[in-house]
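Atom set for the values below is all heavy atoms of this structure, side chains included, hydrogens, waters and symmetry mates excluded. So you know, we letter chains A, B, ... as the sequences are listed, proteins then strands, and number each from 1.
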There are 2 protein chains.
Amino acid sequence: MGDLKLVKKFEIGEGFFDRYEKLVRDVVLPYQEKALKDQIEGAEKSHCIENFRMAAEKLKTGRCDGEFYGMVFQDSDVAKWLEGAAYSLAQNPNEELEKRCDDIIELIGEAQQKDGYLNTYFTVKEPGRRWTNLHEAHELYCAGHMIEAAVAYAECTGKSRLLDIMCGMADHIYRHFIEEGAEGYPGHPEIELALMRLYRCTRENKYKELALHFINIRGVDSHYFTKEREKRGWSVWGAHPEDVEYAQNGAPVRKQDKAVGHAVRAVYLYTGMADAAMETGDRELTEACKTLWNNITQCRMYVTGAIGSAYEGEAFTRDYHLPNDTAYAETCAAIGLIFFSNKMLYLERNGKYADVMERALYNCVLAGMQLDGTRFFYVNPLEVLPGISGEAQTHKHALPVRPKWFACACCPPNVARLLASIAEYAWHVTPETLFSNLFIGGTLDLRDSLGGKITLETEYPYHNRIKYHFEPEKETMTVSLAIRIPAWSREATILVNGRPVQCAVQDGYAYLQGSFSAGDVVAAEFDLSVRRVYTSNKVSANTGKTAIQRGPLIYCIEGVDNENDILSVSLKKDGAIRVSEYLPDKLCGICELYAEGYRETVSDDLYSFEAPSAEECQVTLVPYYTWGNRGLNQMRVWIPEKK
Amino acid sequence: MGDLKLVKKFEIGEGFFDRYEKLVRDVVLPYQEKALKDQIEGAEKSHCIENFRMAAEKLKTGRCDGEFYGMVFQDSDVAKWLEGAAYSLAQNPNEELEKRCDDIIELIGEAQQKDGYLNTYFTVKEPGRRWTNLHEAHELYCAGHMIEAAVAYAECTGKSRLLDIMCGMADHIYRHFIEEGAEGYPGHPEIELALMRLYRCTRENKYKELALHFINIRGVDSHYFTKEREKRGWSVWGAHPEDVEYAQNGAPVRKQDKAVGHAVRAVYLYTGMADAAMETGDRELTEACKTLWNNITQCRMYVTGAIGSAYEGEAFTRDYHLPNDTAYAETCAAIGLIFFSNKMLYLERNGKYADVMERALYNCVLAGMQLDGTRFFYVNPLEVLPGISGEAQTHKHALPVRPKWFACACCPPNVARLLASIAEYAWHVTPETLFSNLFIGGTLDLRDSLGGKITLETEYPYHNRIKYHFEPEKETMTVSLAIRIPAWSREATILVNGRPVQCAVQDGYAYLQGSFSAGDVVAAEFDLSVRRVYTSNKVSANTGKTAIQRGPLIYCIEGVDNENDILSVSLKKDGAIRVSEYLPDKLCGICELYAEGYRETVSDDLYSFEAPSAEECQVTLVPYYTWGNRGLNQMRVWIPEKK
């Protein structure tokens, strides 16, 4: 069902993502490799490769110098980087990089215990405590990420060394939890979706069985973590097992109807659930996934596709609580929402799932990385005020500029692996239909199934037209193409060789079947008019305000473009909003927006009885994903609207 | 300088505060006495009287049954209640209550150690650790509150038993910190202002010296608490001594220019500083007080007079950060701001200080108590949304309905003692002038100084007129009267026997001198027009919004009056706002406001491109202090304003 097949088959071409693909290859992955190897001055220490070295040494000699350093899940940073590197290698063969990856994989192999167990925290630091703290210790989480890396590396490079290692670990987990009947489920879901990938790659049923096991027992005993803590008598960081929302274990997964707790845990779990539902046809599980997805996207998601309203627990809070300045909005959580939506799109062919993928990708996820690829946001607020953001005790997490690295560095490699595998989300190839979900320029090689290649040519999201060119191996290729019609587009025209055609539109996709020769062009034209977004009046933070969207891009105002005082700015209701020409040299290429608005003057007093006076002004907006690239600066997405 | 002299001289008469005076006497104090004695079903346990009993038993017999229970500062609840009871007894002699107070005082005496030391936490639970943890353990704080109670009880009842006890404790503190040269200053300021009161009551210079000592050494060694922790090796609750903002010890007090940290600690400290500055004429200290007061009121105060923007540390955050729904806005902090402003008003005769007292009193402080006197808010948010408030992890503190009591019960008795001593703030009697700061109906007995009584007759704050009646002992009484002209009143007329008179207005006071006979009436008429309040555009939470004020009262909208959907409501810019007649049966007597506004309809979707449609509607507002008296309910102070 699409796993990893497309990364190898899709060659990114000119267009918006071309720059990102090269950035990941040339900057992000090398930069992150250095970070993992502690070679970046002034950045937080990672030590994660060194942890593997120590574990290997300890297994070889019985002892090792130094101490484990970092988060209990530090191993996963290596895994996510390897996964990203695998995708990049699929697109860009690079012997040196592959050699370095192979070296790291050998080191991982040396750090694996004889019974298949792999985890440097426990091997180096807590050898006697394996599997005693599922709540906090992330063993299954780290295993899951390394399994994902193994599958990716095998499918992208054809080398199975890491896959063998991780099958060994998966077999160990199977023995422990299935054959030996150990109790419990992971505090941080991830193993479920990873085992589903491993199953699909290896076709070993036991991996599917193991994935379903963890999904099915989760929350059946909602006090499991409490009992575990009482039994184990030690703790990594004193987490509260009574908080059953935090790790989504308050009820069996099929009974869960609100997206609660730690947002990344939630969407990783739901991704695994959706994947399992797709594989098994389990209707109850499918319904639970739909309910949870609807709850997120209708009650708990920011307009940027970000999720997680609170720093406390990095978590969902309550329906319609979406504060802009204190948002948690973790980059990893938006990525997880893309994973979840992508699986839902396989479960139920409806453009709304791809709309959310696009929303999260073009706004929250891209904002998570500096345009130059060397700095990252963990937290992506929708409003930033220097002097408060990053400083007030309620805003310590909401940094106004991207740091170089993080002590908890889950997000940067997650961005890299998503961008490097974007083809998996852009296209879905099913036996019946080729779905074009996201419009990433490039060439898809479908010679093995459709007898030809298809090239998508587009300057999306800054241009309204996408064009599909066909390159059949023989005379023609027959394609059943489904083009997503984004919900933000008031109308859409499908053209075949320049002539508008009527085609069936269902659930957000235009379906078109035809036999195409070389030179044939199918095009779709969307309506890229600037649109004003309004929030349900249940969201207190946004009453009286509007956000501006053009195509998939949410825009924001920054101080640097607006006299360094964005809080005095409002937008004129029904006022004109002009779109600049494409500015290739600004913020790596954007269209700016110029809106009719007002600048209010009000007394300098904290409170006054003087009504503000307003002057008309031009308000300049830039795409949200580019914010914070021009130094310390105010930023706001939701802007008051006035007549 | 006014300490406690006026509580005995002022008899509250008909009017707004009459109900509160009786409520404190008949409901609040008896209710709180029961709470302190653990006699209220379903309320949080207090145990604070029991702690004293146990300490007494232990001192008598060397041991005691049971365990100390409650906060390390649990003793202070008894102190604040006794202080409130003392004020009430001054107004309403009550033999039974006085007997019960005397019994408690005897118990306190029995809980005092031979060297004068008094603190049940240390006597019962940690006898070997006296004075080793100034950062957390609140010994000086509890001593301060009991000293305030002692001074109040002595001045109100003429009985000196508690004063003797607390002079013993103050002498003990003097020996320890001055004669024996112990290092350190209190983690929670309070002793400073209390020692100033004790000095003024006893005229013992050593108490002033001790107050100045604690003020002068604070923050000189800003790492004192860190060193203390290293030395002591134990902790009450693991507070971080490195956080020098929290307890206002990052710099010597004369160098402090921002109100930081725990808001109650801050304003208690500043109250002591202002009192000391007044007593000593210390100009540097005076300037520091002015700077801090300006910082609070111009950058860090809610429109309700509440202070403290964050739950984290119950603290100030940064300038212009005033979130409405997650406000901490502790009742005690608003009370402390009244204490501080009252001292500032003695330091510098300017109506702005009384304006802030009035703002805090009529809005935040009164909102801290249910209208029936039996439930209390610790936290006074300016926006409440059931489903989020009190529930989301960021809003656990912002309860939508008042609880019966608190595990940390500092606020309820603080309200009682403030309301029962309101005369001290309403009037300032100086050798030259009688200042009428707050307009509380009642009779002030100034026979000893001015040769007569003055009765203030008013239905303020629901009526615009206040009248002073004179009752000279002989033919006439000569009075230099200064009437505060509130900043919210566009204009004010002073009338003598019905005839408008010109009088000098300076810094917010109208000065009027005259010789008055029985039957003479001086009146002031204020402008009670409804006013719209706007916030500086530096405050993000309030952009595009207005708050409604009438007289000193800030109004709010509640769901119960507005179709249970206040987030769809906006106010019409320049629209009419009608004032109801006085409704004696509604919310214990209020005027409602009916404003022209709009009710917006917007898509039920979380986000939509549909512009909201707006219908004109009538928006009903009630005074903020009455909110939350009609069940679980939405509430909002800052309301979007639209043309």
Side-chain angles (χ1 to χ4, degrees), chain A residues 297-299 301 303 309-313 315 317-321 323 325-326 383 385 387-388 391-395 488 490 531-540 543-547 549 565 567-568 570 573-574 600-612 636 640-643, chain B residues 297-299 301 303 309-313 315 317-321 323 325-326 383 385 387-388 391-395 488 490 531-540 543-547 549 565 567-568 570 573-574 600-612 636 640-643:
Chain A
T297 57
Q298 277 300 307
C299 304
M301 179 184 73
V303 75
S309 297
Y311 162 77
E312 295 82 354
T317 55
R318 289 292 181 269
D319 286 351
Y320 305 110
H321 176 233
D325 56 340
T326 56
E383 178 167 303
L385 298 170
I388 296 171
E391 295 194 21
Q393 48 272 60
T394 43
H395 292 63
W488 49 257
R490 273 197 196 83
R531 307 205 67 175
R532 288 166 192 252
V533 188
Y534 300 92
T535 315
S536 157
N537 270 341
K538 292 174 179 153
V539 179
S540 163
T543 55
K545 295 179 184 166
T546 186
Q549 179 171 359
D565 174 15
L567 296 184
S568 297
S570 57
K573 191 169 166 64
D574 304 322
E600 285 193 344
T601 306
V602 59
S603 162
D604 270 349
D605 291 343
L606 182 56
Y607 303 111
S608 83
F609 296 120
E610 243 172 86
R636 192 173 221 191
E641 190 180 54
K642 306 241 161 165
K643 259 190 205 157
Chain B
T297 57
Q298 276 301 305
C299 304
M301 178 184 74
V303 74
S309 297
Y311 162 77
E312 295 82 353
T317 55
R318 289 290 180 271
D319 286 351
Y320 305 110
H321 176 233
D325 55 341
T326 56
E383 177 167 305
L385 299 169
I388 296 172
E391 295 194 21
Q393 47 274 59
T394 43
H395 292 65
W488 49 257
R490 274 199 196 82
R531 306 204 68 176
R532 289 169 191 250
V533 187
Y534 300 91
T535 315
S536 158
N537 269 342
K538 292 174 180 154
V539 179
S540 164
T543 55
K545 295 179 182 165
T546 185
Q549 178 169 0
D565 173 15
L567 295 185
S568 297
S570 57
K573 191 167 166 65
D574 304 322
E600 285 194 345
T601 306
V602 60
S603 163
D604 269 350
D605 292 341
L606 182 57
Y607 302 111
S608 83
F609 297 120
E610 243 172 85
R636 193 173 220 190
E641 189 179 55
K642 306 239 162 166
K643 261 190 204 159

Can you tell me which of [options] forms the most heavy-atom pairs within a distance under 4.5 Å of chain B?
options: A:Ala310, A:Ser568, A:Gly387; result: A:Ser568
options: A:Lys538, A:His395, A:Lys573; result: A:His395
options: A:Val533, A:Val303, A:Asp574; result: A:Val303
options: A:Lys545, A:Arg490, A:Met301; result: A:Met301

Looking at [options], which one has more heavy-atom pairs under 4.5 Å with chain A than the rest?
options: B:Thr317, B:Leu567, B:Asp604; result: B:Leu567
options: B:Ala611, B:Ser309, B:Ala315; result: B:Ala611
options: B:Ser608, B:Gly544, B:Pro640; result: B:Ser608
options: B:Thr326, B:Thr297, B:Thr394; result: B:Thr394
options: B:Gln549, B:Lys643, B:Arg531, B:Glu641; result: B:Arg531

### Query
Below 4.5 Å, heavy atoms only, C-beta onward: do A:Glu312 and B:Glu312 meet side chain to side chain?
yes
### Flag side-chain contact, heavy atom, 4.5 Å: A:Leu385 against B:Tyr320
no
### Query
So which part of A:Glu383 gets closer than 4.5 Å to some heavy atom of chain B, the side chain, the backbone, both or neither?
side chain
### Message
With a 4.5 angstrom heavy-atom cut-off, is it the side chain or the backbone of A:Ser570 that approaches chain B, or both, or neither?
### Response
neither
Measuring from atom [atom1] of [X] to atom [atom2] of [Y], what distance do you get when rounded to the nearest 0.5 angstrom?
X: B:Thr535; Y: A:Asp605; atom1: OG1; atom2: CG; result: 11.0 Å
X: B:Arg318; Y: A:Ile388; atom1: CZ; atom2: CD1; result: 9.5 Å
X: A:Phe609; Y: B:Arg532; atom1: CZ; atom2: CZ; result: 13.0 Å

### Within 6.0 angstrom of B:Tyr607 OH, more than 12 heavy atoms from elsewhere
yes
### Task
Return yes if a side-chain donor-acceptor contact under 3.5 Å exists between A:Arg636 and B:Thr543, otherwise no.
yes
